[in-house]
Amino acid sequence: MPAMSLRTAALFGALSAMLTLTCKPKPAPRDADGDAGDAGSAAITSPLLPVDAGAPVVDGPARVAKGKELYGRYCYLCHGANGEGYAADEAPKLASDDLLAVASDAFLVDAILSGRPGTTMSAWSLAQRGPLGGDDATALVAFFRATWQKRPREDVDARKVEGDKARGAPLYTTHCASCHGATGSGGKYAWLTNPALQAAASDGFLITTIERGRAGTPMPGFAEKIGARGAADIVALLRSWPKPQDEKLVFPPRPGALENVVVHPKGPQPKFDPKADYIKVDVVKAELDRGATMIFADARPPSDYARMHIGGAVSVPFYEADAYAKQIPKDRWILTYCGCPHAQSGKLRDALRKLGYKRVAVLDEGLNVWRDRGYSVRGGPRP
Ligand code: HEC
Ligand code: HEC
(Lines give C-alpha, C1' and ligand atoms only; values in the text may rest on other atoms or scores of the structure.)
(Ligands and ions follow the chains in the order given, each with its own letter.)
Protein backbone atom coordinates (compact mmCIF):
# COMPACT_ATOMS: atom_id res chain seq x y z
CA MET A 1 0.00 0.00 0.00
CA PRO A 2 1.56 3.34 -0.94
CA ALA A 3 2.17 5.94 1.74
CA MET A 4 -0.66 8.37 1.57
CA SER A 5 -0.32 11.85 0.17
CA LEU A 6 -0.75 14.91 2.31
CA ARG A 7 -3.76 15.89 0.28
CA THR A 8 -5.56 12.65 0.98
CA ALA A 9 -4.61 13.04 4.60
CA ALA A 10 -6.13 16.50 4.68
CA LEU A 11 -9.33 15.17 3.15
CA PHE A 12 -9.37 12.45 5.72
CA GLY A 13 -8.92 14.97 8.49
CA ALA A 14 -11.70 17.13 7.13
CA LEU A 15 -14.01 14.15 6.92
CA SER A 16 -13.41 13.11 10.49
CA ALA A 17 -13.70 16.68 11.70
CA MET A 18 -17.21 16.73 10.28
CA LEU A 19 -18.25 13.83 12.44
CA THR A 20 -20.15 14.93 15.46
CA LEU A 21 -20.02 11.48 17.01
CA THR A 22 -17.75 10.90 19.91
CA CYS A 23 -15.87 7.70 19.29
CA LYS A 24 -14.01 7.30 22.53
CA PRO A 25 -15.17 3.86 23.57
CA LYS A 26 -16.53 3.18 27.00
CA PRO A 27 -14.91 0.30 28.88
CA ALA A 28 -16.09 -2.77 26.98
CA PRO A 29 -18.53 -5.05 28.71
CA ARG A 30 -16.87 -8.43 28.61
CA ASP A 31 -18.99 -10.97 26.77
CA ALA A 32 -17.24 -14.28 27.21
CA ASP A 33 -19.28 -16.09 24.55
CA GLY A 34 -17.31 -17.56 21.72
CA ASP A 35 -18.62 -17.31 18.21
CA ALA A 36 -18.19 -19.16 14.99
CA GLY A 37 -15.46 -16.85 13.73
CA ASP A 38 -13.24 -17.86 16.63
CA ALA A 39 -13.21 -21.54 15.74
CA GLY A 40 -9.79 -22.96 15.10
CA SER A 41 -7.84 -19.93 16.22
CA ALA A 42 -5.13 -20.16 18.80
CA ALA A 43 -5.36 -18.72 22.28
CA ILE A 44 -2.31 -16.58 22.97
CA THR A 45 -1.42 -15.08 26.29
CA SER A 46 -0.63 -11.49 25.58
CA PRO A 47 0.79 -9.73 28.58
CA LEU A 48 2.11 -6.23 28.21
CA LEU A 49 5.22 -6.70 26.18
CA PRO A 50 8.57 -6.44 27.84
CA VAL A 51 10.55 -3.75 26.10
CA ASP A 52 14.30 -3.63 25.73
CA ALA A 53 14.71 -0.37 27.59
CA GLY A 54 18.47 -0.48 27.23
CA ALA A 55 18.64 -0.21 23.45
CA PRO A 56 18.50 3.42 22.33
CA VAL A 57 16.83 4.24 19.07
CA VAL A 58 19.38 5.11 16.41
CA ASP A 59 18.07 7.50 13.80
CA GLY A 60 19.99 6.52 10.71
CA PRO A 61 18.37 7.87 7.53
CA ALA A 62 17.25 4.42 6.37
CA ARG A 63 15.57 3.74 9.68
CA VAL A 64 13.87 7.13 9.66
CA ALA A 65 12.63 6.53 6.11
CA LYS A 66 11.25 3.16 7.13
CA GLY A 67 9.50 4.75 10.11
CA LYS A 68 7.99 7.38 7.86
CA GLU A 69 6.70 4.75 5.48
CA LEU A 70 5.14 2.74 8.31
CA TYR A 71 3.56 5.88 9.74
CA GLY A 72 1.96 6.63 6.38
CA ARG A 73 0.55 3.14 6.23
CA TYR A 74 -0.78 2.58 9.74
CA CYS A 75 -0.87 5.69 11.88
CA TYR A 76 -1.61 8.94 10.04
CA LEU A 77 -5.32 8.29 9.83
CA CYS A 78 -5.74 8.98 13.54
CA HIS A 79 -2.59 10.89 14.52
CA GLY A 80 -2.61 13.14 11.44
CA ALA A 81 -0.30 13.34 8.43
CA ASN A 82 2.09 15.59 10.34
CA GLY A 83 1.69 14.06 13.78
CA GLU A 84 -0.59 16.91 14.77
CA GLY A 85 -3.06 14.49 16.36
CA TYR A 86 -6.84 14.59 16.52
CA ALA A 87 -7.41 13.48 12.91
CA ALA A 88 -9.67 10.78 14.34
CA ASP A 89 -10.70 9.63 17.76
CA GLU A 90 -8.90 12.23 19.85
CA ALA A 91 -5.62 10.51 19.00
CA PRO A 92 -2.88 12.49 20.78
CA LYS A 93 -0.43 14.81 19.12
CA LEU A 94 2.82 12.99 18.42
CA ALA A 95 4.68 15.96 16.94
CA SER A 96 5.13 17.37 20.42
CA ASP A 97 8.21 18.14 22.46
CA ASP A 98 6.12 17.86 25.60
CA LEU A 99 5.70 14.22 24.68
CA LEU A 100 8.84 13.32 22.72
CA ALA A 101 11.45 15.13 24.82
CA VAL A 102 10.03 13.57 27.96
CA ALA A 103 9.14 10.08 26.76
CA SER A 104 11.85 7.42 26.66
CA ASP A 105 12.28 5.24 23.61
CA ALA A 106 10.99 2.33 25.67
CA PHE A 107 7.81 4.24 26.54
CA LEU A 108 7.07 5.05 22.90
CA VAL A 109 7.96 1.58 21.63
CA ASP A 110 5.69 0.07 24.24
CA ALA A 111 2.82 2.42 23.34
CA ILE A 112 3.15 1.26 19.73
CA LEU A 113 3.55 -2.46 20.36
CA SER A 114 1.16 -2.93 23.30
CA GLY A 115 -1.27 -0.15 22.39
CA ARG A 116 -3.67 1.11 25.00
CA PRO A 117 -6.17 -1.71 25.36
CA GLY A 118 -9.75 -0.56 25.60
CA THR A 119 -9.07 2.53 23.48
CA THR A 120 -8.76 2.72 19.70
CA MET A 121 -4.95 2.70 20.04
CA SER A 122 -4.33 -0.87 18.93
CA ALA A 123 -1.59 -3.25 19.92
CA TRP A 124 0.44 -3.24 16.70
CA SER A 125 2.94 -5.95 17.70
CA LEU A 126 3.47 -9.19 15.85
CA ALA A 127 3.04 -10.89 19.24
CA GLN A 128 -0.54 -9.62 19.28
CA ARG A 129 -1.03 -10.49 15.62
CA GLY A 130 -0.41 -6.94 14.44
CA PRO A 131 1.91 -5.99 11.55
CA LEU A 132 4.87 -4.50 13.48
CA GLY A 133 8.01 -6.08 14.88
CA GLY A 134 10.27 -4.42 17.45
CA ASP A 135 12.46 -3.06 14.64
CA ASP A 136 9.47 -1.42 13.03
CA ALA A 137 8.48 0.23 16.30
CA THR A 138 11.99 1.61 16.81
CA ALA A 139 11.97 2.87 13.20
CA LEU A 140 8.74 4.74 13.97
CA VAL A 141 10.30 6.27 17.07
CA ALA A 142 13.40 7.23 15.08
CA PHE A 143 11.12 8.93 12.56
CA PHE A 144 9.29 10.83 15.33
CA ARG A 145 12.51 12.00 16.91
CA ALA A 146 14.21 12.99 13.67
CA THR A 147 11.16 14.78 12.28
CA TRP A 148 9.19 16.22 15.16
CA GLN A 149 11.40 16.51 18.21
CA LYS A 150 13.06 19.91 18.61
CA ARG A 151 14.19 19.91 22.26
CA PRO A 152 16.82 17.43 23.47
CA ARG A 153 15.67 14.44 25.49
CA GLU A 154 15.40 15.01 29.22
CA ASP A 155 15.72 12.11 31.57
CA VAL A 156 12.67 12.66 33.73
CA ASP A 157 12.30 8.99 34.56
CA ALA A 158 14.81 9.15 37.42
CA ARG A 159 12.86 11.90 39.20
CA LYS A 160 11.67 10.85 42.66
CA VAL A 161 7.99 11.51 43.28
CA GLU A 162 6.41 11.17 46.69
CA GLY A 163 2.80 12.14 47.10
CA ASP A 164 -0.29 11.39 49.12
CA LYS A 165 -3.20 9.88 47.27
CA ALA A 166 -5.76 11.16 49.81
CA ARG A 167 -4.69 14.72 49.06
CA GLY A 168 -4.60 13.87 45.35
CA ALA A 169 -8.22 12.70 45.13
CA PRO A 170 -9.98 16.08 45.47
CA LEU A 171 -7.39 17.73 43.23
CA TYR A 172 -8.06 15.12 40.57
CA THR A 173 -11.82 15.63 40.81
CA THR A 174 -11.45 19.40 40.46
CA HIS A 175 -8.82 19.58 37.75
CA CYS A 176 -8.76 16.36 35.76
CA ALA A 177 -12.04 14.45 35.92
CA SER A 178 -13.80 16.55 33.27
CA CYS A 179 -11.38 15.33 30.59
CA HIS A 180 -10.02 12.05 31.95
CA GLY A 181 -13.16 10.63 33.58
CA ALA A 182 -14.18 10.53 37.25
CA THR A 183 -11.99 7.53 38.01
CA GLY A 184 -9.41 7.87 35.26
CA SER A 185 -11.25 6.10 32.48
CA GLY A 186 -14.22 6.68 30.23
CA GLY A 187 -13.37 10.38 29.75
CA LYS A 188 -12.94 12.08 26.43
CA TYR A 189 -9.13 11.89 26.55
CA ALA A 190 -6.37 9.47 27.57
CA TRP A 191 -7.35 6.76 30.00
CA LEU A 192 -5.02 7.30 32.91
CA THR A 193 -5.95 3.98 34.51
CA ASN A 194 -4.94 2.12 31.39
CA PRO A 195 -2.70 -0.75 32.53
CA ALA A 196 -0.48 -0.34 29.47
CA LEU A 197 0.07 3.35 30.24
CA GLN A 198 0.54 2.67 33.94
CA ALA A 199 3.11 -0.01 33.22
CA ALA A 200 5.11 2.03 30.72
CA ALA A 201 5.00 5.50 32.30
CA SER A 202 7.44 6.40 35.08
CA ASP A 203 6.36 8.63 37.95
CA GLY A 204 8.70 11.26 36.52
CA PHE A 205 6.97 11.11 33.14
CA LEU A 206 3.56 11.47 34.76
CA ILE A 207 4.44 14.37 37.05
CA THR A 208 6.26 16.24 34.29
CA THR A 209 3.28 15.82 31.97
CA ILE A 210 0.91 17.08 34.67
CA GLU A 211 3.10 20.08 35.51
CA ARG A 212 3.78 21.18 31.95
CA GLY A 213 0.80 19.88 30.01
CA ARG A 214 1.13 19.34 26.27
CA ALA A 215 1.35 22.57 24.26
CA GLY A 216 -0.95 22.67 21.24
CA THR A 217 -3.35 20.10 22.73
CA PRO A 218 -6.23 20.38 25.20
CA MET A 219 -3.94 19.13 28.04
CA PRO A 220 -3.13 22.21 30.18
CA GLY A 221 -0.10 22.54 32.47
CA PHE A 222 -0.89 22.53 36.19
CA ALA A 223 2.39 23.64 37.77
CA GLU A 224 1.02 27.02 38.82
CA LYS A 225 -2.39 25.81 39.96
CA ILE A 226 -1.37 22.89 42.15
CA GLY A 227 2.41 23.07 42.51
CA ALA A 228 4.87 20.19 42.50
CA ARG A 229 3.29 18.81 45.65
CA GLY A 230 -0.22 18.73 44.19
CA ALA A 231 1.09 17.04 41.06
CA ALA A 232 2.92 14.44 43.16
CA ASP A 233 -0.27 13.80 45.14
CA ILE A 234 -2.16 13.16 41.92
CA VAL A 235 0.54 10.76 40.71
CA ALA A 236 0.14 8.85 43.98
CA LEU A 237 -3.58 8.68 43.30
CA LEU A 238 -3.09 7.47 39.71
CA ARG A 239 -0.72 4.78 40.97
CA SER A 240 -3.31 3.54 43.46
CA TRP A 241 -5.62 2.68 40.55
CA PRO A 242 -5.66 -0.78 38.86
CA LYS A 243 -2.46 -2.62 38.03
CA PRO A 244 -1.52 -4.40 34.78
CA GLN A 245 -3.07 -7.78 34.21
CA ASP A 246 -2.25 -10.51 31.77
CA GLU A 247 -5.03 -11.04 29.30
CA LYS A 248 -5.63 -14.23 27.42
CA LEU A 249 -7.10 -13.27 24.08
CA VAL A 250 -8.46 -15.53 21.39
CA PHE A 251 -7.23 -14.14 18.09
CA PRO A 252 -9.21 -14.37 14.87
CA PRO A 253 -8.18 -16.72 12.04
CA ARG A 254 -5.40 -15.69 9.69
CA PRO A 255 -5.99 -15.08 5.99
CA GLY A 256 -6.80 -18.34 4.29
CA ALA A 257 -8.37 -19.81 7.44
CA LEU A 258 -11.57 -17.75 7.62
CA GLU A 259 -14.71 -19.65 8.51
CA ASN A 260 -18.37 -18.74 8.40
CA VAL A 261 -17.68 -15.47 6.67
CA VAL A 262 -21.30 -14.78 5.77
CA VAL A 263 -24.04 -13.99 8.28
CA HIS A 264 -27.34 -15.62 7.21
CA PRO A 265 -25.82 -17.34 4.13
CA LYS A 266 -29.26 -18.41 2.90
CA GLY A 267 -31.09 -15.15 3.62
CA PRO A 268 -32.37 -12.59 1.10
CA GLN A 269 -30.17 -9.70 -0.05
CA PRO A 270 -30.54 -6.64 2.19
CA LYS A 271 -32.29 -3.55 0.84
CA PHE A 272 -29.36 -1.16 1.04
CA ASP A 273 -28.85 1.77 -1.29
CA PRO A 274 -26.37 0.34 -3.81
CA LYS A 275 -24.54 3.68 -3.99
CA ALA A 276 -24.20 4.14 -0.25
CA ASP A 277 -20.78 4.83 1.23
CA TYR A 278 -22.15 4.67 4.77
CA ILE A 279 -25.11 2.75 6.15
CA LYS A 280 -26.64 3.54 9.54
CA VAL A 281 -26.44 0.91 12.27
CA ASP A 282 -30.21 0.86 12.73
CA VAL A 283 -30.77 0.20 9.03
CA VAL A 284 -28.27 -2.65 9.12
CA LYS A 285 -29.78 -4.10 12.28
CA ALA A 286 -33.29 -4.01 10.80
CA GLU A 287 -32.09 -5.96 7.74
CA LEU A 288 -30.24 -8.40 9.97
CA ASP A 289 -33.41 -8.98 12.00
CA ARG A 290 -35.22 -9.68 8.74
CA GLY A 291 -32.68 -12.47 8.13
CA ALA A 292 -30.86 -10.67 5.30
CA THR A 293 -27.48 -12.03 4.23
CA MET A 294 -24.36 -9.92 4.70
CA ILE A 295 -20.74 -9.85 5.81
CA PHE A 296 -19.29 -7.79 8.65
CA ALA A 297 -15.62 -6.98 8.16
CA ASP A 298 -13.77 -5.67 11.22
CA ALA A 299 -11.16 -3.24 9.88
CA ARG A 300 -9.01 -2.98 13.01
CA PRO A 301 -5.88 -4.91 13.95
CA PRO A 302 -6.66 -8.42 15.25
CA SER A 303 -6.09 -7.69 18.95
CA ASP A 304 -8.98 -5.21 18.84
CA TYR A 305 -11.16 -7.83 17.20
CA ALA A 306 -10.15 -10.26 19.93
CA ARG A 307 -11.29 -7.83 22.61
CA MET A 308 -14.65 -7.03 21.06
CA HIS A 309 -16.30 -7.46 17.68
CA ILE A 310 -19.73 -7.62 16.13
CA GLY A 311 -21.23 -11.10 16.43
CA GLY A 312 -20.47 -13.02 13.24
CA ALA A 313 -17.89 -10.50 11.97
CA VAL A 314 -14.64 -11.55 10.29
CA SER A 315 -11.35 -9.82 10.99
CA VAL A 316 -10.02 -8.04 7.88
CA PRO A 317 -7.38 -5.50 9.02
CA PHE A 318 -7.58 -2.43 6.78
CA TYR A 319 -3.90 -2.70 5.82
CA GLU A 320 -4.20 -6.32 4.65
CA ALA A 321 -7.43 -6.50 2.69
CA ASP A 322 -5.87 -8.28 -0.29
CA ALA A 323 -4.58 -11.17 1.85
CA TYR A 324 -8.07 -11.87 3.16
CA ALA A 325 -10.04 -11.12 0.01
CA LYS A 326 -9.63 -14.56 -1.57
CA GLN A 327 -12.02 -15.96 1.02
CA ILE A 328 -14.56 -13.16 0.98
CA PRO A 329 -17.34 -13.70 -1.56
CA LYS A 330 -18.23 -10.88 -3.93
CA ASP A 331 -21.95 -11.64 -4.12
CA ARG A 332 -22.86 -10.28 -0.68
CA TRP A 333 -23.07 -6.89 0.92
CA ILE A 334 -20.03 -6.13 3.09
CA LEU A 335 -20.24 -3.75 6.02
CA THR A 336 -16.86 -2.56 7.22
CA TYR A 337 -16.52 -1.13 10.71
CA CYS A 338 -14.04 0.06 13.29
CA GLY A 339 -14.12 1.62 16.76
CA CYS A 340 -13.74 5.16 15.61
CA PRO A 341 -16.46 5.24 13.08
CA HIS A 342 -14.88 6.08 9.75
CA ALA A 343 -11.09 6.01 9.72
CA GLN A 344 -10.07 2.38 9.44
CA SER A 345 -13.44 1.21 8.13
CA GLY A 346 -13.25 3.80 5.33
CA LYS A 347 -9.79 2.59 4.35
CA LEU A 348 -11.01 -1.01 4.24
CA ARG A 349 -14.07 -0.13 2.18
CA ASP A 350 -11.89 1.65 -0.37
CA ALA A 351 -9.39 -1.22 -0.45
CA LEU A 352 -12.18 -3.76 -1.07
CA ARG A 353 -13.69 -1.61 -3.81
CA LYS A 354 -10.28 -1.51 -5.48
CA LEU A 355 -10.26 -5.29 -5.33
CA GLY A 356 -13.52 -5.38 -7.29
CA TYR A 357 -16.14 -5.55 -4.54
CA LYS A 358 -19.19 -3.58 -5.62
CA ARG A 359 -21.48 -3.72 -2.61
CA VAL A 360 -19.42 -2.50 0.31
CA ALA A 361 -20.16 0.31 2.74
CA VAL A 362 -19.08 1.54 6.15
CA LEU A 363 -21.23 0.79 9.16
CA ASP A 364 -21.83 4.46 9.75
CA GLU A 365 -21.63 5.06 13.48
CA GLY A 366 -19.20 2.22 14.13
CA LEU A 367 -18.77 -0.56 16.64
CA ASN A 368 -19.20 1.45 19.82
CA VAL A 369 -22.59 2.77 18.85
CA TRP A 370 -23.57 -0.73 17.76
CA ARG A 371 -22.56 -1.99 21.19
CA ASP A 372 -24.23 0.89 23.02
CA ARG A 373 -27.53 0.11 21.30
CA GLY A 374 -27.33 -3.37 22.83
CA TYR A 375 -26.74 -5.16 19.52
CA SER A 376 -24.69 -8.37 19.54
CA VAL A 377 -20.96 -8.15 20.27
CA ARG A 378 -18.48 -10.90 21.05
CA GLY A 379 -14.95 -11.38 22.26
CA GLY A 380 -12.98 -10.38 25.30
CA PRO A 381 -10.32 -12.03 27.44
CA ARG A 382 -10.98 -15.64 28.39
CA PRO A 383 -10.41 -16.98 31.88
C1 HEC B 1 -9.19 20.10 29.07
C2 HEC B 1 -8.94 18.68 29.10
C3 HEC B 1 -7.89 18.13 30.03
C4 HEC B 1 -7.73 18.36 31.38
C5 HEC B 1 -8.55 19.28 32.27
C6 HEC B 1 -6.65 17.51 31.80
N7 HEC B 1 -6.16 16.80 30.75
FE8 HEC B 1 -4.63 15.45 30.80
N9 HEC B 1 -4.73 15.23 28.81
C10 HEC B 1 -5.65 15.84 28.00
C11 HEC B 1 -5.34 15.52 26.63
C12 HEC B 1 -6.10 15.99 25.41
C13 HEC B 1 -4.18 14.71 26.65
C14 HEC B 1 -3.43 14.15 25.44
C15 HEC B 1 -2.68 15.32 24.84
C16 HEC B 1 -1.83 14.95 23.64
O17 HEC B 1 -0.71 14.46 23.87
O18 HEC B 1 -2.30 15.14 22.50
C19 HEC B 1 -3.84 14.53 28.04
C20 HEC B 1 -2.78 13.78 28.48
C21 HEC B 1 -2.50 13.51 29.79
C22 HEC B 1 -1.47 12.61 30.25
C23 HEC B 1 -0.55 11.79 29.37
C24 HEC B 1 -1.21 10.46 29.05
C25 HEC B 1 -0.44 9.65 28.03
O26 HEC B 1 -1.06 8.73 27.50
O27 HEC B 1 0.73 9.90 27.76
C28 HEC B 1 -1.52 12.61 31.62
C29 HEC B 1 -0.66 11.80 32.58
C30 HEC B 1 -2.58 13.54 32.00
N31 HEC B 1 -3.15 14.07 30.86
C32 HEC B 1 -2.94 13.82 33.30
C33 HEC B 1 -3.84 14.81 33.64
C34 HEC B 1 -4.09 15.21 35.01
C35 HEC B 1 -3.51 14.51 36.23
C36 HEC B 1 -4.98 16.24 34.96
C37 HEC B 1 -5.49 17.07 36.10
C38 HEC B 1 -4.47 17.67 36.96
C39 HEC B 1 -5.29 16.48 33.56
N40 HEC B 1 -4.57 15.61 32.81
C41 HEC B 1 -6.20 17.42 33.10
C42 HEC B 1 -6.69 16.66 28.37
C43 HEC B 1 -6.88 17.16 29.65
C1 HEC C 1 -7.63 4.25 15.20
C2 HEC C 1 -6.87 5.37 15.64
C3 HEC C 1 -5.37 5.19 15.91
C4 HEC C 1 -4.42 4.63 15.08
C5 HEC C 1 -4.62 4.05 13.70
C6 HEC C 1 -3.17 4.74 15.81
N7 HEC C 1 -3.36 5.34 17.00
FE8 HEC C 1 -1.90 5.79 18.37
N9 HEC C 1 -3.32 6.44 19.67
C10 HEC C 1 -4.66 6.55 19.40
C11 HEC C 1 -5.35 6.99 20.60
C12 HEC C 1 -6.85 7.24 20.72
C13 HEC C 1 -4.38 7.11 21.61
C14 HEC C 1 -4.61 7.52 23.06
C15 HEC C 1 -5.20 6.36 23.81
C16 HEC C 1 -5.52 6.68 25.25
O17 HEC C 1 -4.57 6.67 26.08
O18 HEC C 1 -6.68 6.92 25.56
C19 HEC C 1 -3.09 6.78 20.98
C20 HEC C 1 -1.86 6.83 21.64
C21 HEC C 1 -0.64 6.68 21.02
C22 HEC C 1 0.64 6.91 21.65
C23 HEC C 1 0.87 7.34 23.08
C24 HEC C 1 0.95 8.84 23.14
C25 HEC C 1 0.95 9.41 24.54
O26 HEC C 1 0.53 10.57 24.67
O27 HEC C 1 1.32 8.73 25.49
C28 HEC C 1 1.59 6.68 20.69
C29 HEC C 1 3.11 6.81 20.85
C30 HEC C 1 0.91 6.28 19.48
N31 HEC C 1 -0.45 6.29 19.72
C32 HEC C 1 1.53 5.95 18.29
C33 HEC C 1 0.86 5.36 17.21
C34 HEC C 1 1.53 4.77 16.08
C35 HEC C 1 3.02 4.76 15.86
C36 HEC C 1 0.55 4.26 15.26
C37 HEC C 1 0.71 3.48 13.98
C38 HEC C 1 1.48 2.25 14.08
C39 HEC C 1 -0.73 4.57 15.87
N40 HEC C 1 -0.49 5.22 17.06
C41 HEC C 1 -1.96 4.28 15.31
C42 HEC C 1 -5.29 6.26 18.20
C43 HEC C 1 -4.69 5.63 17.12
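Start at 1 and go down the list; that is how both ligands and their atoms are numbered. When a residue number appears, it is its place in the shown sequence, counting from 1.
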Of all the atoms in ligand 1, which lie at a distance below 4.0 Å from a heavy atom belonging to [X]?
X      : value
Thr217 : 15 (C), 16 (C), 18 (O)
Pro92  : 16 (C), 17 (O), 18 (O)
Leu206 : 29 (C)
Ile234 : 35 (C), 38 (C)
Phe205 : 27 (O)

Looking just at side-chain N and O atoms, do [X] and [Y] make a donor-acceptor pair shorter than 3.5 Å?
X      : Y      : answer
Asp364 : His342 : yes
Ser122 : Arg300 : no
Arg349 : Thr336 : no

Taking N or O atoms only and a 3.5 Å limit, does [X] qualify as a polar contact for ligand 1?
X      : answer
Tyr172 : no
Lys93  : yes
Tyr86  : yes
Arg214 : yes

Below 4.5 Å, heavy atoms only, C-beta onward: do [X] and [Y] meet side chain to side chain?
X      : Y      : value
Phe144 : Gln149 : no
Pro270 : Val283 : no
Pro131 : Glu320 : no
His180 : Tyr172 : yes

For [atom], what's the nearest protein heavy-atom neighbour? Residue, atom name and distance, please.
atom                    : result
atom 22 (C) of ligand 1 : Thr209 CG2, 3.7 Å
atom 28 (C) of ligand 1 : Leu192 CD2, 3.6 Å
atom 5 (C) of ligand 1  : His175 O, 3.2 Å
atom 24 (C) of ligand 1 : Ala190 CB, 4.0 Å
atom 11 (C) of ligand 1 : Met219 CB, 3.6 Å
atom 36 (C) of ligand 1 : Cys176 SG, 2.8 Å
atom 1 (C) of ligand 1  : Cys179 SG, 2.7 Å
atom 39 (C) of ligand 1 : His180 CD2, 3.4 Å

Taking [X] first and then [Y], would you say they form a salt bridge - that is, a charged N and a carboxylate O separated by under 4.0 Å?
X      : Y      : value
Lys93  : Asp98  : no
Asp277 : Arg353 : yes
Glu90  : Arg116 : no
Lys354 : Asp350 : no
Asp105 : Arg153 : no
Glu69  : Lys66  : no

Q. Going by the atom numbers of ligand 2, which of them fall below 4.0 Å from some non-hydrogen atom of Ile112?
A. 35 (C)

Q: Just jot down the ligand 2 atoms closer than 4.0 angstrom to any heavy atom of Ala91, in number order.
A: 10 (C), 11 (C), 12 (C), 42 (C)

(Q) With respect to Tyr74, determine whether any N or O atom, backbone or side chain, lies less than 3.5 Å from an N or O atom of ligand 2. (A) no

Q) Can Ala88 be said to touch ligand 2, with heavy atoms closer than 4.0 Å? A) no

Q.
Looking at ligand 2, would Leu197 count as a contact under a 4.0 Å heavy-atom criterion?
A. no

Heavy-atom contacts under 4.0 Å between [X] and ligand 2: side chain, backbone, both, or neither?
X      : result
Phe144 : side chain
Leu94  : side chain
Phe107 : side chain
Leu132 : side chain

Q. Just going by heavy-atom distances, which of Ser96, Ala200, Cys78, Ala343 is nearest to atom 2 (C) of ligand 2?
A. Cys78

Q) Measuring from Leu140:CG to Lys68:NZ, what's the distance to the nearest 0.5 Å? A) 13.0 Å

Q) Roughly how far, to the nearest 0.5 Å, is the CD atom of Glu84 from the OG1 atom of Thr217? A) 13.0 Å

Q. Is the distance between the ring centroids of Tyr337 and Trp370 less than 6.0 Å?
A. no

Q.
Angle between ring planes, Tyr319 versus Trp124, binned at 30° and 60°: parallel, tilted or perpendicular?
A. tilted

Would you say [X] touches ligand 1, if touching means a heavy atom closer than 4.0 Å?
X      : answer
Trp191 : no
Arg116 : yes
Pro220 : yes

**Q.** Lys358 NZ: over 12 foreign heavy atoms closer than 6.0 Å
**A.** no

Q. At atom 8 (Fe) of ligand 2, what angle lies between atom SD of Met121 and atom NE2 of His79, rounded to 10 degrees?
A. 180°

